[in-house]
J.: 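Questions regarding the structure given below will be posed in turn.
Chain A is the first sequence line, chain B the second, and so forth, proteins listed ahead of strands; every chain is numbered from 1.
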2 protein chains.
Amino acid sequence: MKKKPTMQDVAAIAGVSTATVSNVINNTKNVSEGTKRKILEVIESLDYIPNNLAKSLKMRDTKLIGLLISDIANPFFPPVVRGIEDSLAENGYNLILCETNSDSNLERENLRVLLSRRIEGLMVSLAGSEESHFENIDTPLVFFNRVPVSDQYNKVQVKNFKAAYVGTTHLIGHDYKRVAILAGPQHLNVGRDRLFGYKEALLESGREVDSNYISIREFTVAEGYQGMKELMNQDPKPDAVFTSNNALTLGAFQFLKDAGYRIPQDIAFLGYDDTQWATIVDPPISVVRYPMYEMGQAIGAMIIGLVRSRGQEPSRTIAFEPELVVRKSCGC
Amino acid sequence: MKKKPTMQDVAAIAGVSTATVSNVINNTKNVSEGTKRKILEVIESLDYIPNNLAKSLKMRDTKLIGLLISDIANPFFPPVVRGIEDSLAENGYNLILCETNSDSNLERENLRVLLSRRIEGLMVSLAGSEESHFENIDTPLVFFNRVPVSDQYNKVQVKNFKAAYVGTTHLIGHDYKRVAILAGPQHLNVGRDRLFGYKEALLESGREVDSNYISIREFTVAEGYQGMKELMNQDPKPDAVFTSNNALTLGAFQFLKDAGYRIPQDIAFLGYDDTQWATIVDPPISVVRYPMYEMGQAIGAMIIGLVRSRGQEPSRTIAFEPELVVRKSCGC
DNA sequence: CGCTTCGTGTTAATCGTTTAAATCGATTGT
DNA sequence: ACAATCGATTTAAACGATTAACACGAAGCG
């Protein structure tokens, strides 16, 4: 692990100054063919690779963007991150990934580290309802997925309200009488908005909102399983259910299978977020879904735009439309 | 987006030298209570965050580790990356993520960028069979998943041969007569080794290797679908199949469902890599699986170890054992 | 009293780049 | 013939931290 060669070394061997070396590397000034060739030879022979730390320090840019999410193993994130990465790579930026495990304290710590690394922009899916640590940072910021309410921020969202509204309306439209929902934590925008959408759909079609058919749960598979079980303990049982998150969908479906319920005869089922498995299970699951890869691209493009415009632009919000994919698990 | 305060600023306002400021920040020398408090106050009031670029430049370390994979959206990676991240975070390192899209040229380019960022270590799942660009880099290096053959490198692998061997043996043991395999690209170690394991299992139990029951495919869902279709066109049809990768598993299962085959009556099915959906489909799929999160942790721990020991240690290989999870899709 | 020791702080060089300003021949125009 | 111009290159000052070496007054000691 010997010391890496520097621009000094290259310059000395080539018999020129570092300024000239810098100029051939960056094509920033005319350098005569002769010396240029000589320098390139030396670079090659030394395996010289410029030190970007020094460059960044001097230039005050790092081409580094931070990503702060709860858990990459949550199936929602991978396609989104892929889109982000593609978008950043296209523009010569690199991604530095931090996971918060949905812990706001970890989030705050990671934020400090990222800022000390002088990231040029940051993309965040909030860990929890705490968001004060983002208040006065002067680095371009884009929230996505779990976003703060304040509209002083840039956001890339999905239309959570609409997703639940459309899903629930579809179930009502197919004449299910007792439509239940597995809802998420109410301190998260994604939890709240989806529940509102569900309620609104019921009210608009003249139904009553019956709290017995609302189960508020953490976004985990185990909670989905348990929540579904409790919903099926109601009397009368619900005849349709909307599960408002991918983990809840998985858990709920699991329970219904285990307990021997027939879908959609005993209960109609509408899930959240698509996966290739959704078409394979029996019956294929209807879902409300979003174009995750495209969302990722949009997030990446937005942060790049902000970096380029030095954060001068007013805050924007992009909201993606939900798509209802009807398969066999509910009326069609 | 005003200029960020520097240590100079802090020092000037607090009426001390930068040396002293540095010393209170890093707890590296005795500083009297009074001045320490004063300095901390100034830091607080300025929202001063140290510039890690400068620190890294001077200290010659970045606490940055690179990760080079083909595609985070491949379901194999997320749990592994989670394990890696946890392991790195525990030791104060950050992760910089690059995707190669299985393109060796992109891989080489990304490698250069990462090296110029002076990452302290690099973890790689190879893009293809080209690996020469890793030959002379003097940065600690760990390969995983898709690894080079040479044992001059550090690797965290799975026992690919054994996985296929155990799986195939299980199928043979349950008296299936015509065991087929959906195998992967033969220029990748993971493709080759799994096919070898399959063949070896057949030979050892006195069976013949029949190339009609071997379909060599790219690792994609579409190829799995197509490959399974062709296998079922053989006469006589195979009565069992081992799909040697998660995407192939998905595609093959999809085809069998679509075509109306009954599992395991018409054909026994053994998949690769576990997912929560595997227990939900009908019938629940038997699989050969690995502890992905733990593998990630091991990868992270290994690279940290190498960084700490300055790469003095001899090359090591850790190989994880496959686990056979028997569900309803094949003899049990 | 003179000498060492100790606790606090400061000075200034350094890490590896970039770049404005300066330098230096050679060429050009009149 | 002489100033002006031009192209190629060098000089040297940043960027924002760390840290060895040093400075200085107070305290300890025989």
Side-chain angles (χ1 to χ4, degrees), chain A residues 1-40 42-43 46-64 112-113 115-120 139, chain B residues 1-40 42-43 46-64 112-113 115-120 139:
Chain A
M1 207 101 340
K2 58 201 169 306
K3 194 172 156 306
K4 295 188 166 60
T6 73
M7 201 145 129
Q8 290 283 357
D9 301 331
V10 175
I13 298 181
V16 298
S17 72
T18 62
T20 307
V21 176
S22 174
N23 281 325
V24 348
I25 289 181
N26 302 304
N27 259 315
T28 142
K29 255 190 178 182
N30 265 351
V31 176
S32 71
E33 261 322 305
T35 50
K36 180 182 287 184
R37 215 184 41 245
K38 174 69 181 162
I39 290 174
L40 290 176
V42 176
I43 287 180
L46 285 187
D47 263 335
Y48 167 69
I49 295 187
N51 184 327
N52 246 317
L53 294 171
K55 176 168 186 171
S56 290
L57 178 58
K58 177 69 183 166
M59 308 278 275
R60 315 160 147 289
D61 68 357
T62 54
K63 300 287 178 205
L64 219 44
R112 277 194 78 82
V113 174
L115 291 178
S116 77
R117 287 191 185 282
R118 295 299 188 259
I119 50 169
E120 294 185 49
T139 298
Chain B
M1 207 105 336
K2 55 197 172 308
K3 194 172 157 309
K4 295 189 168 59
T6 71
M7 200 143 128
Q8 291 283 356
D9 301 331
V10 175
I13 298 181
V16 297
S17 71
T18 61
T20 307
V21 176
S22 174
N23 282 326
V24 349
I25 290 180
N26 303 301
N27 256 314
T28 143
K29 255 189 177 182
N30 265 352
V31 176
S32 71
E33 263 322 305
T35 49
K36 180 181 289 184
R37 214 184 42 244
K38 174 70 179 159
I39 290 174
L40 290 176
V42 176
I43 287 181
L46 283 186
D47 264 334
Y48 167 69
I49 295 187
N51 184 326
N52 247 316
L53 294 171
K55 175 167 185 172
S56 290
L57 178 60
K58 177 69 182 166
M59 308 279 274
R60 325 167 137 287
D61 68 358
T62 54
K63 300 289 177 205
L64 218 45
R112 276 195 78 82
V113 174
L115 290 178
S116 77
R117 288 191 185 280
R118 296 297 188 260
I119 50 168
E120 295 186 49
T139 297

J.: Just how large is the angle between the end axes of the helix from C:dC1-D:dG30 to C:dT30-D:dA1, five pairs per end, to 10 degrees?
T.: 50°
J.: With rounding to the nearest 0.5 Å, note down the distance linking CG in B:Leu115 to CD1 in A:Ile49.
T.: 4.5 Å
J.: Hey, does the side chain of A:Arg117 reach the backbone of B:Thr62 with a donor-acceptor pair shorter than 3.5 angstrom?
T.: yes
J.: List for me each residue that meets side-chain contact (heavy atoms from CB on, under 4.5 Å) alongside A:Ser32, sequence neighbours excluded, and say none if there are none.
T.: A:Thr35
J.: The criterion is side-chain hydrogen bond (donor to acceptor under 3.5 Å, both in side chains); which residues satisfy it with A:Arg118, sequence neighbours excluded?
T.: none
J.: Measuring from B:Ile119:CD1 to B:Leu64:CG, what's the distance to the nearest 0.5 Å?
T.: 7.5 Å
J.: Mind checking B:Ser56 for me? I need base, sugar-phosphate or nothing, with any heavy atom below 4.0 Å counting as a touch.
T.: nothing
J.: Identify whether any heavy atom of B:Ser17 sits under 4.0 Å from a base atom; if not, whether one sits that close to sugar-phosphate; answer base, sugar-phosphate or nothing.
T.: base
J.: Name the first nucleotide and the last nucleotide along DNA chain C (5' to 3') that come under 4.0 Å of a heavy atom in chain A.
T.: C:dG16 to C:dA21
J.: For each nucleotide in nucleotides 13-21 of chain D, reading 5' to 3', give B when a protein heavy atom comes within less than 4.0 Å of its base, S when such contact involves only the sugar-phosphate, and - otherwise.
T.: -BBBSBB-B
J.: A:Lys55: which residues meet the side-chain contact (heavy atoms from CB on, under 4.5 Å) condition with it, sequence neighbours left out?
T.: A:Asn26, A:Asn52, A:Met59
J.: Could you list the residues that satisfy side-chain hydrogen bond (donor to acceptor under 3.5 Å, both in side chains) with A:Ser56, not counting sequence neighbours?
T.: none
J.: Please tabulate, one pair per line, all N/O donor-acceptor pairs under 3.5 Å involving side-chain atoms of residues 6-16 of chain B, not counting sequence neighbours.
T.:
from, atom 1, to, atom 2, distance (Å)
B:Thr6, OG1, B:Gln8, N, 3.1
B:Thr6, OG1, B:Asp9, N, 3.4
B:Asp9, OD2, B:Thr6, N, 2.8

J.: What distance do A:Leu57 atom CG and B:Lys58 atom NZ have between them, rounded to the nearest 0.5 Å?
T.: 12.5 Å
J.: What are the two closest heavy atoms between B:Val24 and B:Lys36, and how far apart are they?
T.: CB-CG, 4.3 Å
